[in-house]
Amino acid sequence: MPKITLPDGTIKEFPNAVTALDVAKSIGAGLAKAALGCKIDGELRDLSTLIEKDCALSIVTPTNRDKSVNPDALFLMRHSAAHVMAEAIQDVIGKDVLLAYGPSTETGFFYDMYVPPGKSISTDHFAAINARIAAIIKEDRPFTRYELPVPKGFEKLENEKNKYKLDNANRAAQTGTSTLSWYVTGEPTEEQLAGKQYELDENDDDKSSVDAQSLERISAAMHTAFGPRWEDLCRGPHVPKTGRIGAACVMSLASAYWHGKESDDPTHRLTRVYGTAFASQAELDAHLAQLQQAKERDHRVIGKKLHLFHIDEMVGQGLILWTPKGSVIRNELQTFISQELVRQGYTQVYTPHIGKLDLYKTSGHFPYYKESQFAPIIENDSLTKVMSEGCSCAEMTHRLDAVSARLQRDLNERTQSSAITADRVMPDEKLLEGFLLKPMNCPHHAKIFASSPHSYRDMPARLSEFGTVYRWEQSGELNGMTRVRGFTQDDAHLFCTPEQIPAELLGCLELVKIIFKTLGMKDYRVRVGLRGPDSNKYIGERANWDKAEQACRDAAKTLGVSFVETPGEAAFYGPKIDFMVKDVIGREWQLGTVQVDYNMAIRFDLSYIGPDNKPHRPVVIHRAPFGSMERFIGVLIEHFAGAFPTWLSPEQVRILPISEKTNEYAAEVHSYLKSQISNLRCTVDSSNDRIQGKIKIAAEEKIPYLLIVGPRDAESRSVSLRIRGEEKDAGAMPLDQFAAKLKGEIEGRRATLTASPVAI
RNA sequence: GCCGGCGUAGCUCAACGGUAGAGCACCUGUUUUGUAAACAGGCGGUUGCGGGUUCGAAUCCAGUCGCCGGCUCCA
């Protein structure tokens, strides 16, 4: 006699066990018809789930009462669509495509599959696959769950010889379940229920033969062999019938390693097919249109169109050339943050782009991060010498990685560990010294701190620098401005007493907040990166890690936004607080970061004199509120879609004379504005174009304000204003009033355009 | 780095085994213009690069460099 509590609090009692669908029917025929699945005590389940015990139940329908899209419904449809797509792909490519893993994602779903040698899935197959998906949806076959006891289930899977599914089953078995579940797209046969493998004649699976006719033939074969049914090991849940998937399509192809682990084994390289599904074709179309718009908003597209930056093959991959326009934006941001730094008591330093290898051996960066650094620079004489000695490459590498006995002794003593193992030690005359293009600014800053004595009275020392660093990112990772090989961090290192850490962390977070607020960026996520479980990638004492992690947690709590703690995301020297944002195609990037480091001061033997007149170890906070200027501006371009607020716009105002006759007045307006607003970026378009043409060009360049000036304006000493985004004549305005408004807007770093004649 | 896709004028794209083309940009004129492109003419290419197949290659093949999507990595 299950008592079922509905979302509105009413309790329904049934004499016998009932399915969720039965409950829906008892509430209303409309609800039962709209139902896609259910939630039992918060857990998403099939509509056919038999309810035997008391529970809280809600029926999942495509839309909520307030007409908003129900994410649970999307999940069910997409998870089900993954099955339909997999079936379609097996129809088009061949039954020997082995399925591995096919979950829903935020915007759709994917299915990882092993495509046997000699076959491949390409975008040329998409039309055929989509046609098959649409057909299966139209067939409106039920999704039928059946379960087999674990041993029986394994027997079936062994027969089917799909190691990926066996692996999935193994994982499921490890959770302690007594059964394995399958979902049949259709009604299960006796044989399926008995765990017997079906057979299918499959001579027509060559991709070249896939056309409408062969599709029909395949489809017919499916029906004659075992009816319109297809099955997949799956824990569910699913929508009741394929027809309940509103619209689905295959989106793109990618690759993935099995279990996400790189391997030389070709059976570990899977093809990941992405698809998406929505409740209706209209929603799917809207999604596709939105993707198209996102593409146009991509910083690489806008950056090229507005000439904000340039990447040149001959200069090198991942190396950003800042054009004059992009440089304006970067400069404005740097000026802005510099003002905040002065307010917070930072001092500024400059350090060179390279440093000796010993510096990074001391910090621990070399050879720890060797794979992602530019190779060391060896000066000519040393290079000539080792070459004349007939030194092999392997030996040279060894001699570069090695350290002197002195460095080993010092470091191991300071860290009270075997930070540097004996096999890395080499006599001085064998050591090969080199320089590293700096991958981090902190070692340089540590040396500045160490270059003078410090009293507890003048702590913390806050050393800031827009420091450019270089990292050898894998070529496949490079991406416009967001993933590059040379980038400038708005870096600083705060050398604190242990007591100062909480307050300094707050100051750092304050900077990030000011930036996001000024730019109107609200869509970000905060992540506190902690040590991973039993990993040996971390250096330093456990007690200090615990303290540092707690300090980060406490600081993050003060942010007033939610944050997630992510074990395994700490830096090798300490925990951190990261600010993450998404780009237009949904990829997440780390921008600002604040990191606590107990290790650097030890490694570099840094100290300050305390009130007890004894030396003490400082703690170092690394922080970069923008993160990387390159990445930040890349993300910012997308955030504003290239339409920057006036204070950041490469060109803020353009004066458009109606004809040559008002060129003189235009020049007068120009010089007046320049005289009123220092560093105003303003030009005059005195080309031969008609006013319509000048407006079109300026609009495409996303200039905030256009001042149209003709004889009328000249006579009244006014300007006819056109405001970006309004696409119309905003009306005339006295020149001096416009200047005053504009000045206020720029100096106030307003995020939106405010100089409108209506507002006066 | 790995898997898949793509490289044509400064930009966006066409030609897909048979003489490389358009629009925009740029230059020269004409037009003197009131809110998203006035008109005419001109300049611009060893089709990323170097090989191969072919009577003939932008087009087909293998390589290389670069870009795009994903994986992996990210101090």
Side-chain angles (χ1 to χ4, degrees), chain A residues 110 112 115 120-124 251-264 266 268-274 295 298 300-301 304-305 307 310-314 316-318 360 363-366 368-369 371-373 438-443 469 471-480 483-484 489 529 537 539 569-574 576 578 585 587 589-590 593 595 597 599-600 622 624 628 631 656-663 687-700 706-713 720-723 726-732:
Chain A
F110 64 78
D112 283 349
V115 181
S120 70
I121 308 177
S122 91
T123 47
D124 296 341
M251 297 291 291
S252 62
L253 291 171
S255 72
Y257 290 107
W258 192 31
H259 295 168
K261 282 195 201 95
E262 198 167 338
S263 164
D264 291 333
H268 285 229
R269 276 199 292 271
L270 305 176
T271 302
R272 176 168 292 183
V273 189
Y274 281 87
K295 256 188 203 166
D298 190 307
R300 291 164 296 192
V301 174
K304 193 179 267 183
K305 211 184 266 176
H307 209 45
H310 176 66
I311 300 171
D312 196 284
E313 231 181 278
M314 193 177 268
Q317 289 182 281
Y360 301 101
S363 70
H365 291 110
F366 187 88
Y368 186 91
Y369 281 108
E371 298 307 312
S372 30
Q373 285 164 356
K438 74 175 170 188
M440 290 284 280
N441 299 304
C442 40
V469 297
R471 297 179 187 173
W472 185 261
E473 303 287 3
Q474 302 182 91
S475 60
E477 280 302 337
L478 299 172
N479 190 283
R483 194 76 187 261
V484 292
Q489 297 176 311
K537 83 173 220 192
I539 60 172
E569 283 297 332
F572 74 94
Y573 48 73
K576 55 180 184 165
D578 291 329
I585 54 177
R587 286 181 293 211
W589 301 99
Q590 177 199 309
T593 181
Q595 315 177 349
D597 181 355
N599 291 296
M600 185 163 89
H622 308 240
S628 130
R631 177 178 290 179
L656 314 179
I658 294 285
S659 78
E660 252 171 47
K661 291 174 184 166
T662 34
N663 276 358
S687 70
N688 237 347
D689 286 326
R690 295 196 310 168
I691 194 66
Q692 289 86 341
K694 293 181 184 181
I695 287 170
K696 164 97 163 121
I697 292 159
E700 280 179 353
L706 306 183
L707 306 182
I708 285 99
V709 293
R712 285 204 304 262
D713 307 284
S720 291
L721 190 60
R722 203 179 156 106
I723 303 163
E726 292 191 7
E727 298 192 14
K728 60 169 202 263
D729 181 356

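Chain letters run A, B, ... following the sequence lines, proteins first and then strands; every chain starts at 1.
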- Message: At less than 4.0 Å, is any side-chain N or O atom of N479(A) found next to OP1 or OP2 of G69(B)? Yes or no.
- Response: yes
- Treat primed atoms plus P, OP1 and OP2 as sugar-phosphate and everything else as base, then score nucleotides 34-49 of chain B 5' to 3': B for base contact with protein heavy atoms under 4.0 Å, S for sugar-phosphate contact only, - for none. BBBBS-----------
Donor-acceptor list for residues 251-261 of chain A side chains, cut-off 3.5 Å, not counting sequence neighbours:
{"from": "H259(A)", "atom 1": "NE2", "to": "D167(A)", "atom 2": "OD2", "distance (Å)": "2.7"}
{"from": "H259(A)", "atom 1": "NE2", "to": "R171(A)", "atom 2": "NH2", "distance (Å)": "2.9"}

- Task: Whenever both distances are under 3.5 Å in a Watson-Crick or G-U wobble pair, mark it; put RNA chain B into dot-bracket that way, with [ ] for crossing pairs and | when the partner is on another strand.
- Result: (((((((..((((....[..)))).(((((.......))))).....((.((..]....)).)))))))))....
- Item | Residue met sooner reading RNA chain B from 5', once Q317(A) and E660(A) are mapped to nucleotides | E660(A)
- Item | Residue list, ring-ring contact (aromatic ring centres under 6.0 Å, His included) with Y573(A), at least two apart or on another chain | H622(A)
- Message: Any N or O donor-acceptor pair under 3.5 Å from the base of C74(B) to the side chain of R471(A)?
- Response: no
- Can a donor-acceptor pair under 3.5 Å be found between the side-chain atoms of S255(A) and the base atoms of G4(B)? no
- Message: Applying salt bridge (charged side-chain N to carboxylate O under 4.0 Å, His left out), can you list everything that pairs with R587(A), at least two apart in sequence or on another chain?
- Response: D583(A)
- Using the test salt bridge (charged side-chain N to carboxylate O under 4.0 Å, His left out), find all partners of K694(A) that sit at least two apart in sequence or belong to another chain. none
- Which sits closer to the 5' end of RNA chain B, R269(A) or Y369(A), going by the nucleotide each is nearest to? R269(A)
- Query: With sequence neighbours left out, what residues match R269(A) under salt bridge (charged side-chain N to carboxylate O under 4.0 Å, His left out)?
  - Reply: none
- Message: Rounded to whole Å, how long is the line connecting atom OH of Y573(A) with atom P of A75(B)?
- Response: 8 Å
- Quick one: Q595(A) CD to A75(B) P, roughly how many Å, whole number? 8 Å
- Item | Rounded interatomic separation in angstrom, taking NZ from K304(A) and C1' from A25(B) | 15 Å
- Note on the structure: Considering only heavy side-chain atoms of K576(A), the closest of U33(B), G69(B), A75(B) is A75(B)
- Could you tell me which residues satisfy ring-ring contact (aromatic ring centres under 6.0 Å, His included) with W589(A), sequence neighbours excluded, listed by chain and number? none
- Query: Can you name the residues that form a salt bridge (charged side-chain N to carboxylate O under 4.0 Å, His left out) with E700(A), not counting sequence neighbours?
  - Reply: K696(A)
- Please state whether the base of A75(B) and the side chain of S363(A) form at least one donor-acceptor pair under 3.5 Å? no
- Item | Length of the OH-C1' vector between Y257(A) and C71(B), whole Å | 7 Å
